[in-house]
Amino acid sequence: TTVAKWLQDLYGMRDHGSTSVPNLKSGVGWARKSEYYACLPLIIDEVRSNDETRQYLGMFRSYYDREGRTMGTQDGFGVRTTSVKSCFAFSGEDQFEDPATRERCIPIRVPANGRELVETYRWMEDNRHLFTGITYQWILEYCRTDATELQSRIRSLDRELVSAGCSQRISKNWAAIGIFGIEMAEKHMPEFDFKQYLIAACQEEAKFQKSDTTLMQFWELIENIMAKDNSPINTNHIMLDDSGKQVHIWYPYVYKSVADDQRGRFQFSKNAVLTAIKEEPYFIRDDLRRQMGIEGSRPRVMTLDLTKCPDVIKNIAKAM
């Protein structure tokens, strides 16, 4: 929170540019701020992995897409839509668990240990009244910048990040700020290869997000359920093929077991998860009938190629 406030000091926004998740409530006043403070940073603090934060995730994603809020007016049936013009920073003890929301953000982790905590803090607090001078310098530098050339460099870095394995959304977010980080490093820390650091950090974030997708959460929940005593998921519902290279899953039952175990906390529909599975390279078919479940029944099952599956699915299959 302190670091976020220092960033706001660059624009003189500390006193009126922040709120917290518990104070959002209807969000009407905050929506008006997001329209008024165009291009300036607004901060939402107290982000946690709880229901209070989750209820606002859709609104947070709408900020990224610049979707305004529509409100009624006092005159007849009139409406007014507030535009989203600000930039946003979220601070708190947790990062967003929702993959779609997390992908729209650039995570900044501040280490708790192994760094100097007293002198630097005191210097920043004593000099934060001078921070707006930095913003003025940025404005002067931008006025001397060829915007077309800058956009070209950002697109070039974007393509490099995509070729390094980052998703399109992640690469664009990181390229937009990374190009300035490269310039600053070249000027002030020429011995540090910031570009290589940026690519490695972006790859790590993309890898982390890939391992934390909705689909991976689904498979991990199945693995956790199977580790319990008297698990409701067993060989009647997941079966290895005779070759040992394929696994058959009675998907409707397994999905219901996950939904029951989570008691409403797993917020993705059966069809949404099934569609995501079908898009994976390990999916083979979902129209095969096998002897499973109730004795004598032959339900339709989903067949997956274990040679292409991630480790979590292989662990599930090995438990059979």
Side-chain angles (χ1 to χ4, degrees), residues 3-14 16-18 33-44 60-68 81-91 100-110 124 127-206 209:
V3 173
K5 295 288 187 180
W6 285 338
L7 293 175
Q8 281 197 316
D9 285 330
L10 293 168
Y11 306 90
M13 293 285 292
R14 173 180 281 252
H16 41 261
S18 63
K33 279 192 174 186
S34 71
E35 180 179 40
Y36 181 78
Y37 294 112
C39 300
L40 298 177
L42 297 180
I43 294 174
I44 299 178
F60 295 163
R61 291 194 295 271
S62 72
Y63 294 159
Y64 181 90
D65 299 324
R66 298 303 183 189
E67 296 176 354
T81 301
T82 59
S83 302
V84 178
K85 298 178 181 178
S86 297
C87 303
F88 295 88
F90 304 91
S91 60
T101 309
R102 181 185 171 92
E103 191 180 32
R104 287 166 167 79
C105 302
I106 297 176
I108 300 175
R109 306 175 186 88
V110 181
M124 297 290 280
N127 292 277
R128 62 186 179 85
H129 64 284
L130 303 174
F131 287 3
T132 52
I134 299 174
T135 312
Y136 179 63
Q137 179 67 22
W138 288 345
I139 294 172
L140 295 178
E141 290 178 352
Y142 179 78
C143 293
R144 297 191 296 266
T145 301
D146 183 346
T148 303
E149 189 268 342
L150 177 61
Q151 291 174 358
S152 176
R153 290 167 58 201
I154 291 175
R155 293 192 185 101
S156 177
L157 180 57
D158 175 27
R159 289 192 292 270
E160 284 191 61
L161 294 175
V162 171
S163 64
C166 301
S167 71
Q168 293 281 352
R169 181 176 287 151
I170 293 176
S171 65
K172 284 178 172 54
N173 291 341
W174 289 56
I177 64 166
I179 199 71
F180 299 105
I182 292 172
E183 281 191 3
M184 292 178 66
E186 289 174 348
K187 181 177 181 180
H188 301 288
M189 302 174 63
E191 72 283 358
F192 179 60
D193 190 346
F194 183 85
K195 185 176 182 180
Q196 188 57 43
Y197 169 80
L198 176 72
I199 292 174
C202 191
Q203 287 175 326
E204 184 65 24
E205 178 63 18
Q209 292 195 20

If only atom types and distance count, is the side chain of Gln203 paired as donor or acceptor with the main-chain N or O of Ala164 below 3.5 Å?
yes

Mind checking the NE2-CD spacing from His188 to Glu183? Nearest 0.5 Å is all I need.
10.0 Å

When you compare the side chain of Tyr36 with that of Lys85, does any pair of heavy atoms fall below 4.5 Å?
no

Check the angle between the aromatic planes of Phe90 and Phe88 and answer parallel, tilted or perpendicular using the 30° and 60° thresholds.
parallel

All heavy atoms of Thr132 vs all of Gly12, minimum pair found to be CG2-N, 3.8 Å

Go through the steps for Ile182 and Leu157 under the test side-chain contact (heavy atoms from CB on, under 4.5 Å), then give the verdict.
CA-CA 10 Å; Ile182 292 172; Leu157 180 57; 4.1 Å; yes

Under a 3.5 Å distance rule, please check whether Ser163 uses its side chain to pair with a backbone N or O of Arg159 as donor and acceptor.
yes

Which heavy atom in Glu67 sits nearest to a heavy atom in Val84, and how many Å separate them?
O-CG2, 3.4 Å

Between Ser91 and Ile43, is there a side-chain heavy-atom distance shorter than 4.5 Å?
yes

Find the distance between CD1 (Ile179) and CH2 (Trp174) and round it off to the nearest 0.5 Å.
15.0 Å

Could you give me the CA-CA distance, side-chain angles and deciding distance for Met124 and Val3, then say whether side-chain contact (heavy atoms from CB on, under 4.5 Å) is met?
CA-CA 10 Å; Met124 297 290 280; Val3 173; over 6 Å; no

Answer yes or no: does atom NZ of Lys195 have more than 12 heavy-atom neighbours from other residues, nucleotides or ligands under 6.0 Å?
no

Roughly how far, to the nearest 0.5 Å, is OG1 of Thr101 from CZ of Phe60?
8.5 Å

Mind checking whether Leu161 and Ile170 have side chains closer than 4.5 Å, heavy atoms only?
no

Under a 3.5 Å cutoff, is there a donor and acceptor pairing between the side chains of Lys33 and Ser86?
no

Using 30° and 60° as the class boundaries, would you call the ring planes of His16 and Tyr37 parallel, tilted or perpendicular?
parallel

If you count every heavy atom of other residues, nucleotides or ligands that lies below 6.0 Å from Ile108 atom CD1, does the total exceed 12?
no

Trace of the side-chain contact (heavy atoms from CB on, under 4.5 Å) decision for Arg14 with Phe131:
CA-CA 11 Å; Arg14 173 180 281 252; Phe131 287 3; over 6 Å; no

Got a sec: does the CZ of Phe192 have more than 12 other heavy atoms crowding it under 6.0 Å?
yes

Do you know the tightest heavy-atom contact between Cys105 and Pro107?
O-CD, 3.6 Å

Can you check whether Leu7 reaches Met13 side chain to side chain, under 4.5 Å on heavy atoms?
no

Distance check, rounded to the nearest 0.5 Å: Asn173 atom CG versus Glu103 atom CD?
8.5 Å

Quick one: does Gln8's side chain have a donor or acceptor within less than 3.5 Å of a partner on Pro41's backbone?
yes

Atom CG of Leu10 and atom CH2 of Trp138: how far apart are they, to the nearest 0.5 Å?
5.0 Å

Point-to-point distance, once rounded to the nearest 0.5 Å, from CZ of Phe194 to CG of Leu198
5.5 Å

